[in-house]
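Okay, so here's the structure we're looking at.
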Amino acid sequence: MSRSSQRNGGSGTEYEWRWKDESENRGLPESWAAHGRHEPIERSEEPFYAIQYRWGLHLEFEVDPRTGDRTGLPNRERPACRVLYVVEDGSRAVVQEWDAEREDDGWKPAAEFASIIAKPAGSGDSVAEKHQAQYRHAVEDRYDLE
């Protein structure tokens with residue numbers, strides 16, 4: 001899963017993971033929707049469905065603890081996948097990041113990737129009305145909700 005938090009290097013040095021885009025938004029492949037994990041939905045939760053993704057890198061930087069500014073070049077990098085999830089009617093959305101793997105034929109999400117995630121009922125950011133129908137259709141096209 002995503003690790004966007006800071007860590008302290010033990011010597012008072014702080015590090016932070018920052019995102020760097022490596023692709024544009026793309027529609028989620030149907031195979032990812034079908035073969036990704038489906039998190040169990042508890043009584044006080046609702047499902048969010050993956051519909052878009054983009055590749056990128058998490059870059060770890062040393063940061064100045066007073067200003068939060070980077071102090072140099074990245075220490076290390078980790079391939080990642082940023083995924084847009086929406087509720088069934090397309091009215092609310094969340095973004096979640098997953099570790100990814102680079103292979104000879106491209107990138108793929110790590111094995112823990114979930115195509116359906118559980119979030120507390122009512123959570124997520126409101127989606128602009130002009131995008132809701134598009135998102136709703138993306139869910140209908142990729143998931144068997146009957």
Side-chain angles (χ1 to χ4, degrees), residues 1-10 12-63 65 67-70 74-146:
M1 212 157 111
S2 169
R3 289 179 209 90
S4 58
S5 61
Q6 294 184 353
R7 72 175 175 91
N8 188 314
T13 304
E14 291 186 11
Y15 297 89
E16 183 177 86
W17 290 100
R18 299 202 179 167
W19 178 264
K20 177 182 179 244
D21 280 328
E22 293 288 318
S23 76
E24 298 297 319
N25 286 338
R26 300 173 180 175
L28 192 85
E30 288 183 22
S31 62
W32 291 18
H35 300 297
R37 282 187 315 106
H38 294 190
E39 293 182 350
I41 311 300
E42 302 296 329
R43 188 179 312 250
S44 62
E45 297 176 325
E46 64 185 319
F48 280 72
Y49 303 89
I51 61 166
Q52 290 180 357
Y53 73 99
R54 65 175 31 200
W55 297 121
L57 295 172
H58 278 141
L59 302 174
E60 183 190 56
F61 289 94
E62 185 176 324
V63 295
T67 65
D69 293 336
R70 298 183 294 208
N75 295 319
R76 56 186 173 150
E77 67 179 43
R78 193 176 64 241
C81 183
R82 185 173 275 182
V83 180
L84 175 67
Y85 293 85
V86 298
V87 293
E88 185 175 344
D89 68 2
S91 65
R92 286 176 286 114
V94 296
V95 173
Q96 188 161 320
E97 294 170 355
W98 300 91
D99 287 337
E101 300 168 359
R102 290 188 203 174
E103 297 184 340
D104 291 339
D105 60 345
W107 298 35
K108 72 174 191 172
E112 72 269 5
F113 170 75
S115 56
I116 300 175
I117 59 173
K119 293 290 181 188
S123 66
D125 295 323
S126 296
V127 171
E129 196 170 321
K130 66 181 181 180
H131 297 298
Q132 290 180 17
Q134 173 191 355
Y135 289 178
R136 185 173 50 253
H137 293 303
V139 170
E140 292 167 355
D141 290 345
R142 287 171 180 79
Y143 300 93
D144 181 17
L145 302 178
E146 303 294 321

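Remember, it's a predicted structure, so these values are computed and weren't measured experimentally.
- The two atoms that bring Pro47 and Ile116 nearest to each other are CB-CG2, 3.8 Å, heavy atoms only.
- Partners of Phe61 by ring pair (Phe, Tyr, Trp, His ring centres under 6.0 Å), not counting sequence neighbours: none found.
- Taking every heavy atom of both residues into account, Glu88 and Arg136 meet most closely at O-CG, 3.6 Å.
- Counting all heavy atoms, side chain and backbone alike, Ala33 lies closest to Ser115 at O-OG, 3.0 Å.
- Checked by atom type and distance alone, the side chain of Glu46 pairs as donor or acceptor with a backbone atom of Gly122 at under 3.5 Å.
- Side-chain contact check for Tyr53 versus Arg82: every heavy-atom pair is 4.5 Å or farther apart.
- Between Glu30 and Arg142 there is no salt bridge, since none of the side-chain N atoms of the basic residue sits less than 4.0 Å from a carboxylate O of the acidic one.
- Looking at residues two or more places apart in sequence or on another chain, you find no ring pair (Phe, Tyr, Trp, His ring centres under 6.0 Å) involving Phe48.
- Two residues are said to be in side-chain contact when any heavy atoms from C-beta on lie closer than 4.5 Å; Glu45 and Glu39 fail this criterion.
- Partners of Ser44 by side chain to side chain contact (heavy atoms under 4.5 Å, CB included), not counting sequence neighbours: none found.
- A heavy-atom distance below 4.5 Å is found between the side chains of Ile117 and Val94.
- Side-chain atoms of Arg76 and Trp17, non-hydrogen and from C-beta on, do get closer than 4.5 Å to each other.
- Side chains of Trp55 and Pro109 form a contact here, defined as non-hydrogen atoms less than 4.5 Å apart.
- Glu103 CD: more than 12 foreign heavy atoms inside a 6.0 Å radius.
- Nearest heavy-atom pair across Ser23 and Arg26 is CB-NH2, 3.6 Å.
- Side-chain contact check for Pro79 versus Glu101: every heavy-atom pair is 4.5 Å or farther apart.
- Atom-to-atom distance recorded for Asp21:CG and Arg54:CZ is 4.0 Å, nearest 0.5 angstrom.
- A side-chain donor-acceptor contact under 3.5 Å links Tyr143 to the backbone of Ala50.
- In this structure, OG on Ser126 lies 13.0 Å from NE2 on His131, to the nearest 0.5 angstrom.
- The aromatic rings of Phe113 and Trp98 lie perpendicular to each other, with more than 60° between the two planes, well past the 30° mark.
- Using a cut-off of 4.0 Å between Lys/Arg side-chain N and Asp/Glu carboxylate O, Lys20 and Glu22 are scored as salt-bridged.
- Residue Leu84 forms a side chain to side chain contact (heavy atoms under 4.5 Å, CB included) with just one option from Leu28, Ile51, Asn25, Val127, and that option is Ile51.
- Of all heavy-atom pairs between Val63 and Tyr15, the closest is CG2-N, 4.3 Å.
- Inspection of the His137 and Glu140 side chains reveals an N or O donor paired with an N or O acceptor under 3.5 Å.
- Between Leu59 and Arg70, every side-chain heavy-atom pair lies at or beyond the 4.5 Å cut-off.
- Residues Gly90 and Gln132 come closest through the heavy atom pair O-CG, 3.3 Å.
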